[in-house]
Amino acid sequence: MFTARVIEVLRRIPRGKIVTYGRVAALAGNPCAARQVVRVLHVYSKKEGLPWHRVLNREGAVSLERGHGYEEQRALLEREGIVFGVDDRVDLENCLWMPARSDLSEIEAEVL
DNA sequence: CTCGTGACTCCCG
DNA sequence: TCGGGAGCCACGA
């Protein structure tokens with residue numbers, strides 16, 4: 001199940017690192033299901049205690065609107081040491097999480 | 001089976 | 001460079 005894989009991927013994002021919606025989707029098996037990731041966050045982030053704040057858009061910026069979660073997400077990330085530039089974006093080169101092969105197999109094992 | 005739903009992305013003017 | 005429009009898609013109702 002795609003959703004289960006997404007959850008497993010999110011669970012493994014380490015502190016101080018972030019991933020993009022599209023990346024999570026790809027890791028979960030479907031590169032074109034970025035929007036599904038959003039749904040998963042809506043439905044399971046709270047219930048499963050997922051690190052929802054570590055998911056940013058392709059630009060490396062927070063997608064939530066100001067006054068609707070933006071401040072909270074940004075604060076949570078900064079608390080983990082992630083730095084936002086003057087353009088309100090993070091440096092993907094340094095912050096993007098690159099899962100190891102072992103992480104991927106763990107996910108597979110978890111979902112089976 | 002069809003339809004609505006997005007914290008997305010890509011593409012084009 | 002920016003904004004709008006059109007894909008894209010799993011999942012629940």
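These values consider heavy atoms only, across backbone and side chains, with no hydrogens, waters or symmetry-generated copies. So that the names make sense, note that chain A is the first sequence line, chain B the second, and so on, each numbered from 1.
- For Glu72(A) and His53(A), the side-chain atoms include no donor-acceptor pair closer than 3.5 Å.
- When the nucleotides dC9(C), dC8(B), dC10(B) are ranked by their closest atom to the side chain of Asn30(A), dC9(C) comes out on top.
- Note on Phe2(A): only backbone sugar-phosphate atoms sit closer than 4.0 angstrom, heavy atoms only; bases stay farther off.
- With dA7(B), dT9(B), dC8(C) as the choices, the nucleotide that has an atom nearest any side-chain atom of Cys32(A) turns out to be dC8(C).
- Ranking dA7(B), dC10(B), dC11(C) by closeness to the Arg58(A) side chain, first place goes to dC10(B).
- For Ala4(A) and Arg35(A), each mapped to the nucleotide of DNA chain C holding its nearest heavy atom, the one lying further toward the 5' end belongs to Arg35(A).
- When the nucleotides dT9(B), dC8(C), dA7(B) are ranked by their closest atom to the side chain of Asn57(A), dT9(B) comes out on top.
- Arg89(A) has its CZ atom 17 Å from the C1' atom of dA7(B), to the nearest Å.
- Judged by distance alone, with hydrogens and angles left aside, Arg39(A) brings no side-chain donor or acceptor close enough to the base of dG4(B) to form a pair under 3.5 Å.
- By the 4.0 Å N-to-carboxylate-O rule, Arg11(A) lies close enough to Glu8(A) to be salt-bridged with it.
- Remark: side-chain polar atoms of Lys17(A) are paired, donor with acceptor, to backbone N or O of Asn94(A) under 3.5 angstrom.
- In terms of phosphate contacts, Thr20(A) brings no side-chain nitrogen or oxygen within less than 4.0 Å of OP1 or OP2 of dC8(B).
- In this structure, the side chain of Glu71(A) engages the main chain of Gly67(A) through a donor-acceptor pair within 3.5 Å.
- In this structure, the CG atom of Leu64(A) is 8 Å from the P atom of dC8(B), given to the nearest Å.
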